[in-house]
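Working notes for the structure below.
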Amino acid sequence: MSVRRRGEAEQANGFASGLANGHANGRLRDQQEVLSPTDAKTDHSRWRLRDTNGVHTWHYLESDEQAAASPQSPAELHYLGQDTGAPPLPKATTPLQAAENGIAFYERMQLPTGHWGAEYGGPMFLMPGYVITCYVTESRFSQAEETEMIRYLFSVQNLGAKNGGDGGWGLHVEADSSVFGTAMNYTTLRLLGVPAEDPRMRKARGCLYDLNGALLGPHWAKWWLSVLGVMEWDVVNPVPPELWLLPDWVPIAPYRWWIHMRQVMLPMSYIWSKQWVYPKADSDPLIRQLRQELFTQSHDEIKWARYRNAISPADNYHPKTHLLDFLNLILVLLWIPFLRTAAIARKAEAWTWKLIQMEDANTDYGCLATVNAPMNTLACFVAEGPNSHSFKRHRQKLHEGMWMTGRGMLVCGTDGLQTWDTSLSIQSLTGIGLAHEARYKPMLLKALNFLETQQFAEHCQGYAVSSLYSDPPTAKVNSQFSYRQPRKGGWGFSTKCQGYIVSDCVSEALKAVLLLQTTTEPRDPSQKIFPEVMSFERLRWAVDIILSMQNDTGGIASYETRRGSEKLEALNAAEVFGRIMVEYDYPECTTSCVTAVHLFRQVYPDYRHKDIESFMTRAVDWIRKDQREDGSWYGSWGICFTYAGFFALESLATQGETCENSERVQRACKFFLDRQNADGGWGESYKSCETGRWCDHPDGSQVVQTAWVVCAMLEAQFPHRDPLERAVRLLMERQQENGEWLQEGIEGVFNKSCMISFPNYKFIFPIKALGMFARQCGSLGGANV
C-alpha cells in the first residue's frame with residue numbers, strides 16, 4: 001500500500017504571517033496581512049450592497065461608469081475595511097461625550113431601509129457546502145465572487161503566527177486546525193481553481209497529512225465529500241430518512257430534535273438515501289486529483305466502510321456514544337441489507353421530500369441557515385432537475401448568505417442579523433436617555449419603521465387550518481404544518497423572509513418598539529416623540545408568542561419549546577458540536593423574554609395579567625437556579641460568562657434584586673471583579689465556551705466584553721465606582737478619533753464549540769455602557785481621559 005508521508009508541504013510561504021483572523025467588518029486591531037501580493041483581487045471600489053427591505057446581496061459593477069453613478073456609502077466602505085470618511089470628532093472627556101461620538105460614527109452605518117447590517121461570519125464549514133453544491137450542479141459563482149472567496153479562505157488560513165502556522169483551517173476562524181476545516185476548505189479552494197502546487201496549498205496538505213488525512217473527518221465532511229465523488233458512500237454512517245416515518249410519540253422522533261439539527265439531517269437523509277454522486281466525478285480530472293490529494297494512502301486501496309467511525313482527535317469534540325455506534329451497526333448489518341425494502345425507502349424519501357418542500361415554502365427557498373440551504377438546493381436539483389423553479393430560486397437565494405469584506409467574500413451563518421442588531425441598537429440609545437433628542441429622531445424612526453416591516457403577520461403554512469390552531473397560540477405542533485412553532489406576531493434574527501422566529505429576537509424587537517413608541521417629550525410627557533407604527537393588537541401578538549415559548553422548567557429556549565430529552569445527545573452524530581440534539585433553556589433567551597414582558601406589562605397592565613405574572617415568576621426562578629456556585633451563568637450565544645451574566649443581572653433587576661439586597665447579585669459581581677484585568681477591562685476567550693470554565697483572552701481586555709460587564713454591574717447597582725471607572729476609561733481610550741472602535745476578538749458562539757462574529761457589538765454595547773454610566777454615575781472622578 002502506498003502511503004502519503006506526513007509534512008509533504010514543508011515550508012510556509014514567506015509572505016504569510018500574523019494574527020489576522022479576518023472575521024468581521026471594519027478595521028481590525030493589530031491587523032496583519034496574510035494574503036499573497038500576487039493573489040488575484042477584484043476592484044473593491046466596484047462592490048455594492050443591495051438592500052431590499054433588509055435582504056442583502058452584494059453585486060460587482062462591471063464598468064467605471066456604473067461605479068461613478070453609484071458611489072459607495074460609508075457603510076459599504078466600512079464593510080470593505082476602507083476609510084469611511086468619518087471626520088475626526090472633538091476628543092471625549094466624559095463618558096457621555098464618548099457615547100455621543102460612538103453614535104455619530106455608528107449612525108453613518110445605518111442602511112437605507114433603517115437597519116444595521118454586518119457579516120455573520122466565523123464558521124469555516126459554510127462556504128464548502130456552497131461551493132460543492134454549485135460545482136456538482138454546474139452553476140458556478142461569478143468570477144468576481146470566486147476571486148474574493150479564494151482571497152477570504154487564504155486570509156484566515158493558519159499561517160505565520162496564527163495558531164501555530166501549520167497551514168490548516170479550524171472549525172471557525174480562530175480555531176486550531178482540524179480535519180473538517182482543512183479538508184473541506186482545501187477542497188473548496190481546489191474547486192475554485194487554486195492549483196495544488198500553490199505554496200499555501202502544499203502547506204495545507206502537510207497539515208492534513210499530519211492529521212492523517214480526510215478519512216478522519218467528521219460525519220458532515222464525509223457526507224459532502226461523498227456527494228462530490230471524492231469519497232464513497234460506504235464511509236458515511238447511515239442517515240436513513242425512515243426516521244421521519246416514526247410516530248410522534250416515539251422519544252427519538254425527529255420533530256423532537258433542535259430545529260437546526262432537524263433541518264440539516266432532513267436533506268442529508270434524502271440525498272443519502274438516493275446515494276447521489278456528482279455524475280461526472282469519475283471523468284472530472286479535478287475530482288480524480290482530489291482523490292489523490294486528500295488521503296494518506298492510495299484512493300483505490302481504501303476500504304471505505306472501515307472508516308465510518310474514524311475521526312481525528314482534533315475534530316472529536318463530542319465523541320459518538322457506544323449506543324450510537326451500536327445503532328449504526330444495526331442499520332448497516334441488518335436494516336439496510338435485509339429489512340429496508342424499496343417500498344419503505346420510496347415512502348421515506350417521499351415524506352422527507354415533502355418536508356423539504358415545506359421548509360422551502362416557509363422561507364421562500366432561503367432556508368433556516370446557510371448549512372441546510374445548499375443541501376436543500378442540491379435536493380431540489382436531484383428531485384426536480386436544473387431547470388426547475390425550486391432549484392433556480394434556491395440558487396438565487398444562496399447569494400443572500402454571502403458577504404463581502406476587505407479580506408474577501410465569505411458565507412455567513414444565516415442571511416444576516418438585521419433585526420437583532422437593529423433592536424439592540426435602538427435599545428442602546430433609549431437606555432442611555434438620548435432617544436428624545438431631535439438629532440437622533442430620523443435615525444430611530446427609520447429603525448422603528450424597519451422593525452414594523454419585519455414582524456410576521458402570518459403563521460407557517462398549514463397552521464391556520466390545522467387541528468391545533470388557537471389564538472393565542474400554544475406550543476403544540478404536528479405534521480400538518482411541518483412541526484413549526486407558531487410565529488404570527490414574532491420577529492426573526494435577520495429578516496421576515498428567513499421565516500423563523502427566535503425567542504430573544506421577538507423579545508428584543510418588542511422592547512425596542514415599546515421603548516420608542518412610549519418615548520415622550522421631557523417638558524411635556526403627554527406628547528409622544530415617535531408615531532405608533534405598531535398597534536396594541538400587533539404588540540399583543542408578540543407577547544402571545546413569547547408566552548407560548550416557556551418550557552416546563554420556567555426557562556426559555558431559542559426557536560421552539562423543548563420537545564425531547566437531553567438524553568437524545570446520546571444520538572449526536574455531528575461529533576464537532578455539543579448540545580445540538582434538542583432545545584435547552586438559556587439565561588440569555590430567558591432574560592430577553594422576561595424584560596420584554598416586564599416592559600409590556602408596564603405599558604399594558606391589563607392584558608393577560610395573570611399569565612404574564614406566572615410567566616415572569618417561573619422564568620426568573622429558573623434564572624436564579626441556573627446560577628453557578630461561583631456566581632456565574634454559562635452563556636450559549638455569546639462568549640461566555642460575561643455575556644450570560646450581563647443578561648441574567650438584567651432579569652434580576654426587573655425583580656428589584658441588586659447588590660444592596662441580593663446575595664446572588666453580590667456573588668455575580670464578585671465573579672466579575674475577581675476577573676478584572678489590570679487595565680480595567682475584561683477579556684474572555686472562546687475556550688470558556690468549549691471547557692465550561694472561565695478562560696482569559698490571550699489578547700487581554702476586549703471592548704465588547706468590558707462593556708457587557710459594565711452594563712451588568714450597573715444593572716446590579718454595584719456600589720463602588722472605582723472598578724467601573726477603570727473599565728469606562730478603557731472603553732474611552734480604545735475609541736478612535738472618529739468615534740469608532742476597532743474590531744477585536746470574535747464575540748459569539750453556538751453549540752459550545754463554534755464561534756461566530758457580531759461586528760456591530762463593538763458599537764452597540766460600548767455606547768450603551770458609556771451612556772448608562774453617565775446616566776447613573778455622571779462624569780469620571782479625577783483626571784479626565
Side-chain angles (χ1 to χ4, degrees), residues 19-29 31 34-35 44 47 49 56-58 75-76 78-81 109 116-131 141 145-146 148-158 162-163 169-175 178 180-181 184-185 188-189 192 260 366-374 398-418 420-421 493-494 498 576-577 637-639 686 689 702 704 742-751 753-763:
L19 305 168
N21 49 29
H23 60 70
N25 301 138
R27 294 181 290 159
L28 295 173
R29 193 165 161 235
Q31 179 172 348
V34 297
L35 294 171
H44 284 196
W47 285 100
L49 177 67
H56 296 154
T57 50
W58 282 90
E76 288 166 331
H78 177 66
Y79 302 147
L80 293 167
M109 302 302 110
W116 281 266
E119 72 160 80
Y120 187 47
M124 292 306 300
F125 52 87
L126 301 174
M127 192 187 297
Y130 266 51
V131 172
F141 295 100
E145 290 166 337
E146 291 193 352
E148 294 298 339
M149 286 175 157
I150 292 169
R151 289 187 69 249
Y152 179 76
L153 289 183
F154 279 139
S155 79
V156 295
Q157 189 177 9
N158 288 336
K162 183 171 184 259
N163 293 335
W169 291 266
L171 184 66
H172 56 86
V173 290
E174 293 192 5
S178 65
F180 193 16
M184 295 302 289
N185 287 293
T188 300
L189 285 165
L192 291 172
H260 278 278
C367 295
L368 171 63
T370 51
V371 180
N372 73 315
L398 288 181
H399 290 273
E400 295 172 12
M402 299 166 67
W403 191 264
M404 184 62 193
T405 75
R407 297 298 182 93
M409 180 163 274
L410 56 85
V411 175
C412 298
T414 66
D415 59 339
L417 27 64
Q418 296 87 311
W420 177 251
D421 276 6
F493 185 67
S494 56
Q498 187 257 0
V576 295
F577 305 116
W637 302 106
I639 302 172
Y686 72 82
C689 305
Q702 305 286 297
V704 172
L742 301 184
Q743 183 63 41
E744 297 177 345
I746 203 162
E747 306 90 351
V749 62
F750 59 90
N751 298 122
S753 60
C754 193
M755 307 307 126
I756 198 159
S757 59
F758 289 82
N760 287 332
Y761 279 8
K762 65 180 176 287
F763 305 116

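Atom-to-atom distance recorded for Glu174:CD and Met755:CE is 8.5 Å, nearest 0.5 angstrom. Rounding to the nearest 0.5 Å places CD1 of Ile150 at 9.5 Å from CE of Met127. With values rounded to the nearest 0.5 angstrom, Trp47 atom CH2 is found 6.0 Å from Glu148 atom CD. Interatomic distance, CZ of Phe758 versus CZ of Phe763, reported as 15.5 Å (0.5 Å rounding). Interatomic distance, CG of Leu189 versus OH of Tyr152, reported as 12.0 Å (0.5 Å rounding). Here Thr188 contributes atom OG1 and Met124 contributes atom CE; the two are 8.5 Å apart, rounded to the nearest 0.5 Å.
In this structure a side-chain-to-backbone donor-acceptor pair under 3.5 Å is present from Thr405 to Arg407. In terms of modelled atom types and a separation under 3.5 Å, the side chain of Thr370 and the main chain of Gly413 share a donor-acceptor contact. A side-chain donor-acceptor contact under 3.5 Å links Lys162 to the backbone of Val156.
Under the 30°/60° scheme for interplanar angles, the aromatic rings of His172 and Tyr686 are found to stand perpendicular.
Using a 4.5 Å cut-off on side-chain heavy atoms (C-beta onward), Phe750 and Pro123 make contact. Within the 4.5 Å cutoff, the side chain of Gln702 has no heavy atoms near those of the Glu747 side chain.
By the side-chain hydrogen bond (donor to acceptor under 3.5 Å, both in side chains) test, Trp420 pairs with Tyr761, sequence neighbours left out. Every residue two or more places apart in sequence or in another chain that forms a side-chain contact (heavy atoms from CB on, under 4.5 Å) with Ser753 is listed here: Leu171, Tyr317, Phe577.
Nearest heavy-atom pair, Asn760 versus Gly117, reported as atom, atom and distance to 0.1 Å: ND2-O, 3.2 Å. Heavy atoms only, all atoms of each residue included: Ala373 and Gly366 are closest at CB-O, 3.7 Å.
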Using the side chain to side chain contact (heavy atoms under 4.5 Å, CB included) rule, take Cys412 and Leu126 through it: C-alpha gap first, then chi angles, then the decisive distance, then the call.
CA-CA 7 Å; Cys412 298; Leu126 301 174; 6.0 Å; no

Side chain to side chain contact (heavy atoms under 4.5 Å, CB included) between Phe125 and Met184, worked out
CA-CA 7 Å; Phe125 52 87; Met184 295 302 289; 5.9 Å; no

Derivation and outcome, side chain to side chain contact (heavy atoms under 4.5 Å, CB included), residues Gln498 and Glu400
CA-CA 10 Å; Gln498 187 257 0; Glu400 295 172 12; over 6 Å; no

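For Tyr79 and His56, the gap between ring centers reaches or exceeds 6.0 Å.
Checked options His399, Glu145, Met409; the residue passing with Trp58 is Met409 (criterion: side-chain contact (heavy atoms from CB on, under 4.5 Å)).
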